[in-house]
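The structure under discussion appears below in the form of structure tokens.
In what follows, chains are A, B, ... by sequence order, proteins preceding strands, each numbered from 1. Any value given below was found using the heavy atoms of this structure, including those in side chains, with hydrogens, waters and symmetry copies removed.
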Amino acid sequence: MGGDPENRTLKLLKVGAARDLGGPFSALYSRGERMSGQPKRLLRNLNAKIAAIPMVLTTLVVFVGGTIWTVVYSFTDSKLLPRLRWVGFDQYERLWSNSRWMVSIENLMFFGVLSLVFTISVGFLLAVLMDQKIRYEDTFRTIMLYPFALSFIVTGLVWQWILNPQFGIEGIVRGWGWESFSFDPLNNPQTVLYGLLIAGLWQGTGFVMCLMLAGLRGIDEDIWKAARVDGIATWKTYLVVIVPMMRPVFITTLVIVAAGIIKLYDLVVAQTSGGPGGNASQVPAMYVYDYMFQAQNLGQGFAASTMMLLSVLIVLIPWAYLEFGGKKHG
Amino acid sequence: MKLTKLTAVLCASVAMPAMATELEVTHWWTSGGEAAAVAELAKAFDAAGDKWVDGAIAGGGGTARPIMISRITGGDPMGATQFNHGQQALELVEAGLMLDLTDVAEANNWKEVIFPQSLLEACTVDGKIFCAPVNIHSPEWLWLSNKAYADAGIPVPANWDEFVASAPALEAAGKIPLALGNQPWQSNLAFGAMQIAVSGIDNWKAVNVDKNMDVAAGPEFAKVFAAAAEARKLAAKSTVQDWNQATNLVITGEAGGQIMGDWAQGEFQVAEQVAGTDYTCLPGLGLNAYLSTGGDAFYFPKNDDPEIEAAQKRLAAQLVSPEVQVAFNLKKGSLPIRGDIDLAAANDCMKKGLEILASGNLLPTGDMVWSPDVVKQAEDLMVEFWKSDMPAEDAHTKWVEILKTGL
């Protein structure tokens with residue numbers, strides 16, 4: 001009974017999708033409409049189409065247009081101002097032979113993998129705990145989600161202070177009398193990424209928890225009843241039944257978190273500004289900014305941002321395929 | 001001639017109050033000494049009847065310049081903005097976004113009063129003048145804390161070699177021998193100062209002015225890198241970020257010395273230290289008394305409003321005027337851009353600088369001879385080199401590669 005309205009919406013969505021996505025083909029199959037042809041189809045739902053025009057234009061001009069413009073100019077030798085003087089792949093060759101860019105990529109991979117694993121697993125765990133029909137759930141949920149309301153700059157500064165050896169955790173513990181205590185991740189090139197990770201997790205986990213909680217709440221109560229009747233242990237139900245059922249939520253979370261990691265910038269700027277050791281915590285977005293504006297070399301910055309776009313696409317395309325393409329089992 | 005100028009100034013000061021124009025001026029002068037110097041500029045501009053709207057951007061030129069440039073290219077220009085002379089604003093000028101100041105320069109005879117003329121040349125594009133230089137800055141100074149050396153019980157070194165030799169004694173006394181901020185430009189500045197000091201003037205010119213890459217890859221510059229690799233060990237314990245925090249280590253005697261431009265002097269002044277007794281300065285690191293004459297200049301982005309344009313020209317004329325030059329440069333610790341004024345109030349270090357200036361041992365700065373792109377790449381390399389244990393030979397090879405991108 002709980003699932004009824006949901007199913008109906010799903011069906012509606014599917015019908016809608018078939019109509020919109022399968023446009024030209026559905027026209028062939030639909031009765032009677034074949035002959036009357038295009039004009040009528042264009043006029044159908046006219047209000048909705050007119051209302052969508054600004055959105056379509058914005059997408060085409062701002063997003064798609066801006067992206068294409070950037071990619072095109074990444075093949076030029078634009079300096080402070082863009083100009084069309086082609087240099088082929090020179091910018092890319094320079095980019096990939098630059099040690100700072102390579103370090104940035106390595107840092108991002110390291111940070112990204114750990115960040116993905118921990119935000120999603122910790123977020124899910126918190127959601128499960130929250131789902132145990134506890135008292136004051138609203139309060140806890142608010143507390144957990146609160147860091148997400150802060151900007152990354154604020155998070156970065158707060159954690160820079162917390163991790164600062166003089167004023168932060170190390171200083172406090174030493175103040176208690178444990179003189180040899182040492183906790184200074186941000187000033188050591190070996191550990192600085194963990195320092196960033198702590199701040200990133202603090203900020204992002206609550207949000208993932210909310211997504212997961214929404215997913216858990218979407219699971220039909222009957223599933224739980226069935227599992228209980230069969231005498232399956234709760235943890236096992238979660239792992240074997242619930243998690244697979246939450247596949248769409250996991251994939252969405254993965255995409256949101258991964259896109260956020262690739263554009264990581266402000267947290268690093270606020271916490272370490274790329275140091276210590278000059279580049280121990282550099283990330284690609286910082287390279288893009290520095291070369292576009294400080295070095296006044298737009299071409300190089302565009303090449304780097306095109307590489308970032310590529311990595312976002314590498315994340316997005318499998319997702320789009322999973323979400324929209326591989327519906328055979330559905 | 002003097003009389004006409006005086007009448008012009010008088011007329012201006014009488015006529016102005018009726019048409020006070022607000023001009024927003026952006027700059028990155030935010031440390032104690034710098035802010036005091038900027039206040040002098042604002043005071044003079046306000047006194048002449050206009051209104052100085054201060055647009056200080058904290059975080060140094062690296063942070064401020066992108067903001068300034070995007071405001072100018074984005075169609076929201078300020079009244080006036082600081083840049084370093086040379087190539088930083090070159091493309092903006094070429095794109096026609098900056099106000100032509102040639103008439104102001106001619107009216108005030110800049111061609112004759114500005115010394116050295118290279119400063120005005122750096123403002124000139126296609127025979128037209130686009131900026132008003134306000135000071136001369138040279139980065140090749142070693143600042144030493146007399147207190148740190150007294151604590152260690154050794155005499156204050158007289159040049160870079162003695163400084164390196166004195167480092168173990170300082171370390172034994174619990175001091176950081178060399179203070180160096182973490183920001184990339186500071187590592188590059190230290191390296192630039194060592195280039196002139198260690199490789200000598202001819203080699204420096206061969207590489208930076210004549211762009212001879214064989215010399216750049218040669219043994220003289222290998223020596224520079226070896227010296228820098230030595231120097232970075234002395235700075236290993238220095239963990240501060242900003243240059244003035246590093247200067248503060250020298251002021252308090254926690255560090256022995258710092259390689260920093262003459263703007264560091266403003267900080268010593270704010271801390272009420274006396275040159276010669278509390279601190280010592282060695283131009284050209286005490287080895288080669290040459291100074292590169294870069295500095296700050298004000299550019300005036302083009303504006304549709306004729307009233308603003310008139311105010312921009314008034315400000316430009318004022319910045320170069322003798323009174324403003326004296327007041328500003330005494331606070332800033334930099335050298336004035338005209339040879340015809342008397343800096344009797346100048347302290348020990350500024351006098352050393354003035355002497356070098358008068359003797360003509362001058363060079364252009366890295367900002368003038370290399371594009372921002374090359375400078376940025378060199379900064380990236382230098383910060384990595386100074387803050388890690390990258391071998392000197394590797395850094396040398398990479399450095400030559402970087403210079404080649406700017407040929």
Query raised in the report: Given the rule in the side-chain contact (heavy atoms from CB on, under 4.5 Å) test, do B:D373 and A:K79 qualify, once you have shown the distances and angles that lead to the verdict?
Result: CA-CA 8 Å; B:D373 186 33; A:K79 294 290 183 191; 3.6 Å; yes
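- Annotation for A:F148: atom CZ does not count as buried by contact number, only 12 or fewer foreign heavy atoms lying within 6.0 Å.
- A distance of 10.0 Å separates OH of A:Y287 from NZ of B:K376, quoted to the nearest 0.5 Å.
- When the side-chain contact (heavy atoms from CB on, under 4.5 Å) test is applied to B:E230, the partners found at least two apart in sequence or on another chain are B:V164, B:K233.
- Around the CG atom of B:D76, the shell of radius 6.0 Å holds more than 12 heavy atoms that belong to other residues, nucleotides or ligands.
- Counting non-hydrogen atoms of other residues, nucleotides and ligands closer than 6.0 Å to NZ of B:K237 gives a total of 12 or fewer.
- Comparing A:Q282, A:Q296, A:M292 by heavy-atom pairs within less than 4.5 Å of chain B, the highest count is held by A:Q296.
- Between atom OH of residue A:Y291 and atom CG of residue B:D380 there is a gap of 4.0 Å, rounded to the nearest 0.5 Å.
- The number of heavy-atom neighbours closer than 6.0 Å to CZ of A:F118, taken from other residues, nucleotides and ligands shown, is 12 or below.
- The CD atom of A:Q294 sits 10.5 Å away from the CD atom of B:Q88 when rounded to the nearest 0.5 Å.
- Heavy-atom distances place both the backbone and the side chain of B:L92 under 4.5 Å from chain A.
- Residue B:T63 touches chain A through its backbone alone, counting heavy-atom pairs closer than 4.5 Å.
- If you measure heavy-atom distances from B:Q377 to chain A, the contacts under 4.5 Å come from both the backbone and the side chain.
- Near-neighbour residues of residues 81-99 of chain A relative to chain B, defined by a heavy atom under 4.5 Å from a heavy atom of that chain, comprise A:L81, A:R94, A:S99.
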